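The shown structure was predicted, so the numbers you read here are calculated from the model rather than taken from an experiment. For the single chain, residues carry numbers from 1 onward in sequence order.
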Amino acid sequence: MRLVKTCLVAVMLVAGAAAANAQSALQEILNDGVLKVGTTGDWNPMTMRDPATNSYTGYDIDVMNELAKDLGVEVEFVPTDWKTLVNGVVSGKYHITGSASISPARAKAAGYSDSYFSLATVPLILAENAGKFKDWDDLNKPEVTVAATLGTTQEKQVKQFFPDATHQIVEAPARDFQEVLAGRADAHITSNVEAYKLVAKYPQMAVVTVSAPKAPTPIAMLMPQSDQIWINYVNTWIKLKAERGFFDALGKKWQLSN
């Protein structure tokens, strides 16, 4: 029995030493000179991909360029989509993601940075239907089809907010708002940040004048759950940048509030 206990202690010590010596993403980034960022490229104004040049612009892109600059490294944007966003950071495909809604489901597998802004959910429809849909309950009917994109927070929200409606779940690169524009859905839901950008781009769309937005949600970056060294660094960076007005200035640049 004493031998068994001795062996168990030895195994635990070895495991503890291995964990202590495991290389943080921070050290890997500094050694390789590259910060790998997972981004979807389909969330205006956060991350937008130009297919012609395969380049990205947006709030998230500016944040990550600034983070890479302060780290003294280059930034590499790794294409991903919403349904694989968490898997990419868990598997080490990238070191960090752009903005993502904080959710208990995602937090089971991945870590989060501190939050740096919040958003809320609103429904969008065709402007010609504004008289028909005036609040949330008007959309929660069997004859109404509400669209969402697979893997997004909104996929869960349509089932929660509209249990009696028909749900149209589309897979990227298709987007939920395209279903509304094409007449295959009556409505879709998205963040208030994206909603007004969509209306500006597609005047035939309108935000439903609901009594209040739903699900106010903090936004943060997804990171490897067990890498506290890397999480601590990014949280320190966020706090410093917030104190110096970086996020406020960026929010104004990309018109995050309407």
Side-chain angles (χ1 to χ4, degrees), residues 38-51 56 58-60 79-88 97-103 105-106 118-130 132-210 212-217 219 222 254 256 258:
T39 191
T40 62
D42 66 351
W43 184 14
N44 186 0
M46 309 306 290
T47 170
M48 298 162 284
R49 176 179 171 271
D50 182 348
Y56 294 87
Y59 177 96
D60 281 352
T80 187
D81 54 41
W82 293 106
K83 69 179 184 295
T84 60
L85 188 68
V86 171
N87 289 340
T97 72
S99 298
S101 302
I102 293 179
S103 75
R106 286 172 172 165
S118 294
L119 47 77
T121 300
V122 294
L124 280 83
I125 57 173
L126 292 178
E128 64 188 39
N129 293 327
K132 183 178 178 182
F133 304 115
K134 298 182 179 180
D135 212 338
W136 295 99
D137 287 344
D138 296 330
L139 295 164
N140 188 29
K141 299 176 180 178
E143 65 272 19
V144 175
T145 299
V146 185
T149 303
L150 182 68
T152 62
T153 299
Q154 287 75 29
E155 180 192 0
K156 295 180 177 65
Q157 288 178 340
V158 293
K159 298 166 185 175
Q160 177 187 352
F161 300 162
F162 313 111
D164 297 331
T166 300
H167 306 139
Q168 178 89 344
I169 309 301
V170 298
E171 187 170 354
R175 278 296 311 274
D176 41 14
F177 72 85
Q178 295 169 336
E179 298 299 295
V180 178
L181 287 170
R184 293 186 292 268
D186 298 294
H188 84 104
I189 55 175
T190 189
S191 66
N192 51 349
V193 168
E194 183 182 46
Y196 294 100
K197 296 292 183 182
L198 286 172
V199 170
K201 185 173 182 179
Y202 304 103
Q204 63 270 46
M205 298 190 77
V207 178
V208 179
T209 55
V210 292
K214 285 185 179 288
T217 305
I219 295 300
L222 285 163
W254 291 102
L256 293 193
N258 193 73

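For the residue pair Thr84 and Thr80, the shortest heavy atom distance occurs at OG1-OG1, 3.2 Å. For Val158 against Ala147, the heavy-atom pair with the smallest separation is CG1-O, 3.9 Å. Between Thr121 and Gln154, the shortest heavy-atom distance links the atoms OG1-NE2, 4.5 Å. Considering every non-hydrogen atom in both Leu139 and Ala187, the closest pair reads CD2-CB, 3.7 Å.
Every residue was checked against the salt bridge (charged side-chain N to carboxylate O under 4.0 Å, His left out) condition with Arg106, not counting sequence neighbours, and none meets it. Contacts of Gln168 classified as side-chain hydrogen bond (donor to acceptor under 3.5 Å, both in side chains), with partners at least two apart in sequence or in another chain: Glu179. Residues passing the side-chain hydrogen bond (donor to acceptor under 3.5 Å, both in side chains) test with Ser118, sequence neighbours excluded: none. Ser99 pairs by the side-chain hydrogen bond (donor to acceptor under 3.5 Å, both in side chains) definition with Asp60, Tyr116, not counting sequence neighbours. Residues passing the salt bridge (charged side-chain N to carboxylate O under 4.0 Å, His left out) test with Lys83, sequence neighbours excluded: Asp81, Glu171. Here Thr190 pairs with Glu194 under the side-chain hydrogen bond (donor to acceptor under 3.5 Å, both in side chains) rule; sequence neighbours left out. Not counting sequence neighbours, the partners of Tyr56 by the ring-ring contact (aromatic ring centres under 6.0 Å, His included) test are Phe77.
The shortest distance between side-chain heavy atoms of Leu222 and Leu85 falls below 4.5 Å. Residues Tyr59 and Val193 have side chains not in contact (no heavy-atom distance under 4.5 Å, counting atoms from C-beta outward). Residues Pro123 and Phe161 are not in side-chain contact: their nearest non-hydrogen atoms beyond the backbone lie 4.5 Å or more apart. With a 4.5 Å cut-off on side-chain heavy atoms, Thr217 and Ser101 count as touching.
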Query - Test side chain to side chain contact (heavy atoms under 4.5 Å, CB included) applied to His167 and Lys159, step by step - result: CA-CA 7 Å; His167 306 139; Lys159 298 166 185 175; 3.8 Å; yes

Requested in this report: Carefully, step by step, assess Phe133 and Asp186 under the rule side chain to side chain contact (heavy atoms under 4.5 Å, CB included).
Outcome: CA-CA 9 Å; Phe133 304 115; Asp186 298 294; 4.1 Å; yes

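Note that CG of Leu256 and CG of Asn192 are 9.0 Å apart. Values are rounded to the nearest 0.5 Å. Put simply, OG1 on Thr152 and CD on Gln157 are 8.0 Å apart, with the number rounded to the nearest 0.5 Å. Atom CD1 in Ile219 sits 7.5 Å away from atom CD1 in Ile102 (nearest 0.5 Å). For the atom pair NZ (Lys134) and CG (Asn129), the distance works out to 12.5 Å, reported to the nearest 0.5 Å. Thr209 contributes atom OG1, which lies 8.0 Å from atom CD1 of Ile125 (distance to the nearest 0.5 angstrom). If you take NZ on Lys197 and CG on Asn44, they are separated by 6.0 Å, rounding to the nearest 0.5 Å.
Between the side chain of Glu155 and the backbone N or O of Gly151 there is at least one donor-acceptor pair closer than 3.5 Å. Between the Thr149 side chain and the Asp176 main chain, a donor and an acceptor come within less than 3.5 Å of each other.
Among residue pairs with one or both ends in residues 135-147, those qualifying as side-chain hydrogen bond (donor to acceptor under 3.5 Å, both in side chains) are Asp135-Ser211; sequence neighbours excluded.
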Atom pairs and distances, donor-acceptor, side-chain atoms in residues 198-206, under 3.5 Å, two or more places apart:
none

